[in-house]
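Within every chain, numbering begins at 1; the chains are lettered A, B, ... in the order of the sequence lines, protein sequences first and strands thereafter.
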Amino acid sequence: MLCILLGVLALHLLVFILLIVSTASSQWSLEKEGHTDLWYNCHSDQNGYHCLQASTGDWIQAVQALMILAVVFCFVSLLAFAYQLFRLFKGGRFYFTSIFQILASVFVMCAAIIYTVMRPKSERDYGYSYVLAWVAFPLSLISGLIYLILRKKD
Amino acid sequence: MLRVLALASVVLLGIAPQASQAITVYTSWERHALVGSDVRLSCSFFSWRFVSEDVSFTWRYRPDGSRDSISIAHYAGGEAYTDNKGAFKDRVEFVGNPKRRDGSILIKNLDFSDNGTFTCDAKNPPDIVGRPSSVRLLVFETFLVPIQAGVITGAIIGVVLGLLVLIVVIYYLMRFLVARRVFSLNVSKHGKKKKEGSQQRQIKV
């Protein structure tokens with residue numbers, strides 16, 4: 001029982017860290033001399049290293065909002081897990097935790113899809129933040145589903 | 001003592017008519033207008049004295065980013081003078097009523113180059129000590145201002161979190177209300193049982 005608990009908690013923390021790194025670092029796309037999105041558009045040329053505001057447009061703000069919401073919901077789910085661990089009756093399921101975690105995964109999925117579709121075609125490659133977002137989506141979904149089928153004993 | 005007071009009052013009365021008091025000039029803070037439209041910039045003043053014959057209004061214009069200002073309209077001695085050489089040639093008209101302390105001007109056919117600060121200076125002799133008041137003019141192409149960065153982000157986050165809080169509150173409220181209803185039902189049932197019990201006892205007895 002303890003092993004399962006620790007494993008589930010470790011997975012949840014991993015998802016949380018992935019979401020934070022993906023949201024905070026500004027490396028969703030790589031350009032020829034720099035990186036851009038989600039927040040900054042940094043590139044280096046003969047004058048040095050400059051950082052500007054990220055791509056303009058309303059869609060980038062939607063991606064920002066969805067990523068932040070995913071982080072918030074993952075954190076709330078962590079709190080709900082801690083609360084339900086000590087307060088849930090015997091045999092109960094972690095509904096709250098699972099709902100918030102699944103919502104967080106849905107938000108990450110939406111953010112990643114919107115970014116993929118709306119990205120300007122001129123940019124060259126995807127950065128590691130983008131990859132982390134796509135990795136965080138199935139992990140958080142699995143984590144949420146595990147909470148759904150997990151039952152509290154003792 | 002009385003003599004000193006009398007002397008002081010005479011001296012003050014003697015000085016007062018020549019002393020100038022403060023004049024306060026009022027304009028709007030900021031005006032927004034569309035390209036090609038007309039805008040009326042209002043200027044008014046407060047003074048303790050009546051409006052004199054020598055009341056004067058002066059309007060100056062300072063473009064955004066410049067440190068110099070030029071005069072574009074002047075009213076003095078009952079006559080209004082407007083710009084007939086500069087950027088506001090034939091576009092400025094004095095539409096105020098100085099007798100009513102109104103020194104407004106009308107600027108026609110606005111252009112983007114008219115963005116800047118317009119300063120009104122009013123003088124009502126002998127009240128000449130006052131600070132001129134400025135109004136900022138902003139000329140837009142349309143009144144649909146593009147949304148600033150971060151507004152949409154904040155709006156989405158705020159709406160979703162607000163919905164979450166609302167759902168949680170409604171859930172707990174429903175639980176609380178249902179619990180109260182159940183509680184009141186129990187009380188009425190308990191009351192009925194008591195009455196029946198006491199009736200039976202009476203019959204037996």
Side-chain angles (χ1 to χ4, degrees), chain A residues 19-20 22-24 26 28 36-41 51-80 83-84 87 89 95-115 118 144, chain B residues 30 32-36 63-66 110-116 136-187 189:
Chain A
L19 282 176
I20 286 187
S22 175
T23 308
S26 204
W28 280 59
T36 179
D37 295 331
L38 211 50
W39 306 98
Y40 280 124
N41 196 336
C51 279
L52 311 159
Q53 206 85 35
S55 331
T56 51
D58 304 334
W59 59 273
I60 196 75
Q61 301 197 31
V63 177
Q64 290 171 351
L66 285 171
M67 286 306 292
I68 291 180
L69 281 173
V71 169
V72 167
F73 273 59
C74 190
F75 180 67
V76 170
S77 154
L78 200 61
L79 293 179
Y83 173 78
Q84 289 197 306
R87 290 290 201 164
F89 54 88
Y95 280 132
F96 263 132
T97 314
S98 131
I99 284 176
F100 282 119
Q101 188 76 323
I102 290 180
L103 278 178
S105 89
V106 166
F107 286 144
V108 172
M109 181 186 78
C110 290
I113 288 178
I114 292 177
Y115 188 79
M118 297 292 292
Chain B
E30 207 174 70
H32 299 191
L34 288 173
V35 169
D64 270 343
S66 165
L110 287 166
D111 189 33
F112 290 116
S113 58
D114 296 332
N115 268 301
R136 192 118 195 272
L137 180 66
L138 295 167
V139 182
F140 293 122
E141 194 176 289
T142 67
F143 274 136
L144 291 172
V145 187
I147 304 176
Q148 284 180 334
V151 168
I152 298 182
T153 312
I156 296 177
I157 294 177
V159 164
V160 171
L161 290 180
L163 274 174
L164 185 71
V165 168
L166 194 70
I167 290 174
V168 167
V169 162
I170 288 179
Y171 171 70
Y172 278 110
L173 199 69
M174 294 302 289
R175 260 180 51 171
F176 176 68
L177 286 177
V178 166
R180 278 189 82 183
R181 269 227 224 125
V182 168
F183 177 64
S184 58
L185 274 172
N186 269 340
V187 165
K189 270 195 207 163

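- Scanning residues 69-76 of chain A against chain B with a 4.5 Å heavy-atom cutoff picks out Leu69(A), Val72(A), Phe73(A), ordered by number.
- Annotation for Phe176(B): atom CZ does not count as buried by contact number, only 12 or fewer foreign heavy atoms lying within 6.0 Å.
- Applying a 4.5 Å heavy-atom cutoff, the residues of residues 161-172 of chain B that approach chain A are Leu161(B), Leu164(B).
- Gln61(A) places a side-chain N or O within donor-acceptor distance of the main-chain N or O of Ile152(B), the cut-off being under 3.5 Å.
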